[in-house]
Protein chains: 2
Amino acid sequence: MSFEQLKAIPYFQDLDARALEGIQAHAFEVRLQKGHMLFTEGEPAQAMYVVRFGKVKIFKLSPDGREQVLRIAEAGDCFNEVPIFDGGPNPANAQAVESASLWGIRREGMRRLVEEHPAIAIGFLKAFAGKLRYFTRKVEDLSFRSVTSRVAKHLLEMADDDGKGGLRLKRQSTQQELASVVGTAREMVGRAFKALEKEGAITFDRHGVVIVSRAALIRML
Amino acid sequence: MSFEQLKAIPYFQDLDARALEGIQAHAFEVRLQKGHMLFTEGEPAQAMYVVRFGKVKIFKLSPDGREQVLRIAEAGDCFNEVPIFDGGPNPANAQAVESASLWGIRREGMRRLVEEHPAIAIGFLKAFAGKLRYFTRKVEDLSFRSVTSRVAKHLLEMADDDGKGGLRLKRQSTQQELASVVGTAREMVGRAFKALEKEGAITFDRHGVVIVSRAALIRML
DNA sequence: TCATTCGTGAGACTAAAGTCACAGACGTAT
DNA sequence: ATACGTCTGTGACTTTAGTCTCACGAATGA
């Protein structure tokens with residue numbers, strides 16, 4: 001775990017050498033295979049995590065087995081800070097959707113880091129603010145938008161902003177995965193895709209969804 | 001704005017005198033009449049706010065005029081910290097649901113406060129963690145629960161925990177208000193009340209809802 | 001190469017939620 | 001006391017969403 005590796009994390013890129021040394025002193029590495037659970041909701045929290053590489057989904061499960069994905073954490077993202085700062089149990093489940101390497105920081109380590117390095121505390125305040133904004137939008141989406149609108153919005157967010165009009169997606173997912181993210185059943189995602197295709201917003205190639213017209217997608221919001 | 005008044009705010013009760021003086025130096029008072037808007041979504045943020053007394057609802061509005069209440073801020077609560085820390089615009093609207101007195105702190109004042117008083121930064125980290133946990137639950141409710149279940153959950157949360165079984169609610173609201181909180185139409189709240197009454201969970205007196213059986217409410221979750 | 005698993009399509013059907021319009025009761029203001 | 005506004009009930013109806021089941025093609029693993 002070098003300074004360069006830490007500085008690759010947006011949260012840490014502005015920290016001075018002493019703060020980075022502090023993180024090095026408190027962080028431990030975790031390797032996760034695809035499909036493996038990192039932690040489950042309701043358990044006492046062990047640590048918060050920073051993703052070095054790979055992807056971890058943070059999700060809630062309903063009593064009848066449905067999943068609502070809250071977030072997919074990728075390289076550079078943090079997750080599970082909530083129980084480290086508020087002292088409660090894990091608020092959700094975490095599972096690797098692809099093989100991942102993470103750094104973990106336990107509560108006591110984090111307590112020392114934010115006390116000894118105010119810049120770290122301020123960095124986390126900004127990160128939390130960003131996450132709260134994201135959640136207000138997620139509540140808005142679930143409350144106001146139809147399934148097709150939520151799917152269209154997700155595709156717009158996933159558009160690969162390559163400066164050429166973004167016809168491809170940054171990443172494809174299965175219809176079941178997309179259903180978990182936008183909060184619906186996989187059949188409904190298929191129907192939404194059909195409706196969006198009919199409106200000329202998307203089409204499909206052998207890799208998956210291709211955006212034909214952002215404007216048409218925006219009209220479906 | 002005395003130390004006693006500030007210390008009445010849970011966020012500030014553990015601060016030392018110098019931190020409290022810092023807040024006094026940066027806070028300004030705002031008075032709001034019932035029904036008046038404090039700010040609207042998308043505008044540049046003026047300040048974050050602490051409620052001295054009264055109630056302010058924080059809400060999103062849909063294009064067709066529906067409201068999703070994100071939170072009702074009461075005495076001792078903070079709101080609108082998100083844009084102060086992440087630099088973006090107001091994430092939602094705020095309106096007094098009863099006459100209120102608030103303290104506002106602008107971005108620059110907050111920046112100085114968290115830099116000069118790490119205890120303030122740490123207090124806000126804890127507060128943000130609590131809000132994030134609350135929002136993960138709200139997403140879970142909207143995604144997994146039926147309207148009746150969301151109404152039952154709300155009534156359980158509003159039960160006046162007086163140590164006698166909590167038959168009364170801490171506060172009554174109209175069916176329209178409750179609909180905005182749980183994310184539905186007012187007619188659906190009426191139907192949910194009817195279903196809960198039929199199950200022996202609630203009844204009505206001249207003030208409004210009375211919880212007859214918490215256990216029965218819990219069974220309706 | 002073959003067997004197994006996964007992902008998807010499809011359509012019939014059920015369930016849940018929302019809309020609409022109007023009337024009556026209650027609350028508020030004059 | 002009266003007029004006006006707000007809240008609520010109601011039920012028919014529409015819309016949206018979810019469930020279920022099965023078949024087929026693609027992907028994966030042995």
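Below, read A as the first sequence line, B as the second, and so on, with proteins coming before strands; counting in each chain starts at 1.
- Protein atom CD of A:Gln175 is 8 Å distant from nucleotide atom C1' of C:dG9, rounded to whole Å.
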Contacts table for residues 175-192 of chain A: side-chain donor-acceptor under 3.5 angstrom, sequence neighbours left out:
from	atom 1	to	atom 2	distance (Å)
A:Glu177	OE1	A:Thr174	N	3.0
A:Ser180	OG	A:Gln176	O	3.3

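- No donor-acceptor contact under 3.5 angstrom links the side chains of A:Glu140 and A:Ser143, judged on distance only.
- A salt bridge links B:Glu98 to B:Lys55: one of the charged nitrogens lies within less than 4.0 Å of a carboxylate oxygen.
- Here C:dA17 presents its P atom at 17 Å from CZ of A:Phe144, a figure rounded to the nearest Å.
- Atom NZ in B:Lys34 sits about 11 Å away from atom P in D:dT6, given to the nearest Å.
- Nucleotide C:dC26 holds its C1' atom 15 Å from the NE2 atom of B:His207, rounded to whole Å.
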*What string of B, S and - do you get for nucleotides 12-30 of chain D 5' to 3' if you count protein non-hydrogen atoms under 4.0 Å?*
B----SBBBB---------
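- Within the structure, the ring pair (Phe, Tyr, Trp, His ring centres under 6.0 Å) test picks out the following pairs touching residues 177-200 of chain B (sequence neighbours left out): B:Phe193-B:Phe204.
- Remark: the backbone N or O of B:Thr40 is paired with a side-chain donor or acceptor of B:Asn90 at under 3.5 angstrom.
- For B:Gln176 and C:dG18, the CD to C1' distance is 13 Å, given to the nearest whole Å.
- Computed from coordinates, the B:Glu177 CD to D:dT6 C1' distance equals 11 Å when rounded to whole Å.
- Judged by distance alone, with hydrogens and angles left aside, the side-chain atoms of A:Asn93 form a donor-acceptor pair with the main-chain N or O of A:Glu41 at under 3.5 Å.
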